[in-house]
Amino acid sequence: EYINRQLKNKDFKNDFTEFGKQLEVSYLILKLRKQKKMSQLELAQKIGTTQSNIARLESGKENFTIGFLNKIAVAFDRELKILIK
């Protein structure tokens with residue numbers, strides 16, 4: 001829903017076209033963090049990184065590894081699954 005609204009913005013749409021999957025994952029992490037009522041600093045401390053890394057990750061400006069994503073999944077009591085269709 002959020003992404004659909006943002007796609008009306010030309011700059012967002014261009015970035016989304018180029019970095020769409022990365023932005024989807026970034027938004028999912030932001031959404032999970034908000035649902036857990038966790039600050040960026042709290043998440044960062046839980047996974048052993050800095051608040052600024054979490055901010056960059058959530059903004060879509062940070063590349064992430066599978067290992068990093070797995071740490072985030074564990075922090076949210078989730079399981080990381082990757083599907084290639």
> Arg78: what forms a salt bridge (Lys or Arg N to Asp or Glu O under 4.0 Å) with it, not counting sequence neighbours?
Replying inline: none

>> Run the side chain to side chain donor-acceptor pair (under 3.5 Å) test against Thr49 and tell me which residues pass, sequence neighbours left out.
In response: Asn53

> Residues in side chain to side chain contact (heavy atoms under 4.5 Å, CB included) with Val74, at least two apart?
Replying inline: Asn70

>> Checking Lys31 now: which residues fulfil side chain to side chain contact (heavy atoms under 4.5 Å, CB included) with it, not counting sequence neighbours?
In response: Tyr27, Gln35

> What side chain to side chain donor-acceptor pair (under 3.5 Å) pairs are there with at least one residue in residues 37-48, not counting sequence neighbours?
Replying inline: Ser39-Glu42, Gln40-Gln51, Gln40-Glu58

>> According to salt bridge (Lys or Arg N to Asp or Glu O under 4.0 Å), does anything in residues 19-29 pair up with another residue at least two apart or in another chain? List the pairs.
In response: Lys21-Glu24

> Quick one: NZ on Lys13 to CG on Asp11, what's the gap to the nearest 0.5 Å?
Replying inline: 12.5 Å

>> Please give me the minimum heavy-atom distance between Gly60 and Ser26, naming the atom from each residue.
In response: CA-OG, 3.5 Å

>> Under 4.5 Å side-chain heavy-atom separation, chaining through any Ile, Leu, Val, Met, Phe, Trp or Tyr, what else clusters with Phe76? Say none if it is isolated.
In response: Val25, Leu28, Ile29, Leu32, Met38, Leu43, Ile47, Ile54, Leu57, Phe64, Ile66, Phe68, Leu69, Ile72, Leu80, Ile82

